[in-house]
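Letters A, B, ... mirror the listed sequences (proteins, then strands); counts begin at 1. These values consider heavy atoms only, across backbone and side chains, with no hydrogens, waters or symmetry-generated copies.
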Protein chains: 2
Amino acid sequence: MSDEPSTRDRLVQAATRLFRQRGYDGTGLTEILTEAGVPKGSLYHHFPDGKADLACAAADWTASEIIRVIDDSFRAAPDWRHGVTTFCYKMAKLFDILNSADACPIFGLLFEGPDHDRFRAQAEQSFDRIIAAAARYGQALGMPADTALDAAETFIIGFQGSWTLARTRRKSDVLRGLPARLYGPSS
Amino acid sequence: MSDEPSTRDRLVQAATRLFRQRGYDGTGLTEILTEAGVPKGSLYHHFPDGKADLACAAADWTASEIIRVIDDSFRAAPDWRHGVTTFCYKMAKLFDILNSADACPIFGLLFEGPDHDRFRAQAEQSFDRIIAAAARYGQALGMPADTALDAAETFIIGFQGSWTLARTRRKSDVLRGLPARLYGPSS
DNA sequence: TCATGATTAGACCAATCGGTCTAGTCTTTC
DNA sequence: GAAAGACTAGACCGATTGGTCTAATCATGA
């Protein structure tokens with residue numbers, strides 16, 4: 001019943017927020033430490049490899065958050081399109097809350113940084129977790145396994161592109177319009 | 001008939017390449033200068049605002065390159081789908097040449113950096129130029145203006161998402177598969 | 001030939017970067 | 001209540017950052 005998040009969690013969440021806003025290289029350790037209210041020693045205790053470790057933890061945490069939204073969107077969905085639509089609306093709302101300026105939670109977080117291949121591998125794993133989660137709902141809604149995987153990939157690809165365009169325009173409409181783009185005008 | 005690109009051009013192209021690989025904050029000025037073979041003084045002569053100016057020039061240059069590929073893909077295309085397909089194949093080839101590790105030319109370049117809103121505005125303009133170029137071909141192929149704009153947006157959104165996924169997987173297949181995703185299996 | 005503005009050249013700067021290290025403070029266990 | 005390990009605290013480090021500034025060199029037109 002702790003009301004305070006642990007030091008580790010505060011670090012991960014502060015890092016997530018800041019990486020999303022300014023990117024990996026754009027965010028200083030001091031900034032993260034200040035935001036989390038944690039001294040440097042603690043960081044290197046919980047994350048021996050420092051910034052890189054922290055970034056991977058942040059990516060992992062974000063992927064789980066996204067999957068949580070997927071779950072919330074698809075659990076009660078009568079069909080695939082409804083699930084996608086709910087997800088897009090939820091994310092559009094999040095986009096508006098985030099001041100319409102941040103990078104897409106997972107997608108923007110990775111790639112940069114010195115340890116290129118480690119980050120790439122982490123991103124690949126995060127992507128696959130998310131796609132697999134969506135594909136599971138596709139199957140549950142009656143699709144064959146490979147069709148579901150394909151539909152989930154298309155969905156996530158479209159979402160990623162839409163978020164980027166939404167960001168340049170600072171308008172969340174693009175996200176809400178994704179289902180119509182992918183599946184035609186709503187009947 | 002100069003065979004040597006100008007100092008300015010060498011700076012822009014070196015910056016483009018490096019920003020694409022390591023991002024804005026991840027790339028040091030010294031690195032750009034070394035790669036371009038240009039001393040610091042020249043940079044601040046051609047780009048008084050330094051790194052930020054250079055990044056905007058790089059973005060602009062890249063957008064023009066993309067539009068050139070769009071032109072090459074659509075000029076002789078018998079219909080919209082053919083144009084999109086050719087574009088995707090050309091970009092997949094580029095992706096392979098670039099070692100499958102770089103960010104998508106335009107899309108990854110921007111957003112970070114201190115002068116957030118300036119970069120955002122630059123990205124928006126680049127996006128719009130590219131979408132408008134594609135939409136023009138849509139109209140030329142018989143679509144009404146608003147349909148063409150919508151098709152172009154969907155195309156670019158899909159492309160952006162596909163490049164990202166291709167990057168995490170280090171496989172250009174995703175790019176080549178985009179037309180089938182958007183328009184169904186080829187007949 | 002000389003003068004002038006454009007351009008190149010790189011030494012130099014304060015600030016910040018990520019990371020290390022030692023000291024101290026909790027918490028747990030016997 | 002004492003010993004031991006988990007954790008916090010922050011001073012400190014060399015390297016690198018983007019940016020400034022002065023001096024030299026180049027091209028050009030009178």
Annotated protein contacts, base or backbone, on nucleotides 12-29 of chain C with a non-hydrogen cut-off under 4.0 Å, one of B, S, - each: -----SBBB---------
Spacing of B:His45 atom NE2 relative to C:dG5 atom P, expressed in whole Å: 14 Å
Aromatic ring proximity B:Trp80/B:Tyr137, centre distance under 6.0 Å: no
Rounded interatomic separation in angstrom, taking CG from B:Leu43 and P from D:dG19: 9 Å
Closest approach of A:Pro179 to A:Cys88 (non-hydrogen atoms, all atoms of both residues): CD-SG, 4.0 Å
Show the distances under 3.5 angstrom between N or O atoms of the protein and N or O atoms of nucleotides 24-27 of chain D.
none

Carboxylate-amine/guanidinium contact B:Arg176 B:Asp96, below 4.0 Å: yes
Below 4.0 Å: OP1/OP2 of C:dT8 and any side-chain N or O of B:His46: yes
Heavy-atom side-chain proximity of B:Ile32 to B:Phe19 below 4.5 angstrom: yes
Atom-pair distance (CD1 on B:Ile32; P on D:dG19), nearest Å: 10 Å
Shortest non-hydrogen separation from A:Ala123 to B:Thr168 and the atoms involved: CB-CG2, 4.0 Å
d(CG, B:Leu11; P, D:dG18) in whole Å: 14 Å
Contact check, side chains of B:Arg81 and B:Val84, non-hydrogen atoms, under 4.5 Å: no
Nearest atoms (heavy-atom pairs only) where B:Phe155 meets B:Leu182: CA-CD1, 4.2 Å
Spacing of B:Lys40 atom NZ and B:Leu43 atom CG [to the nearest 0.5 Å]: 8.5 Å
Phosphate contact (C:dT7 OP1 or OP2) by B:Thr7 side-chain N/O below 4.0 Å: no
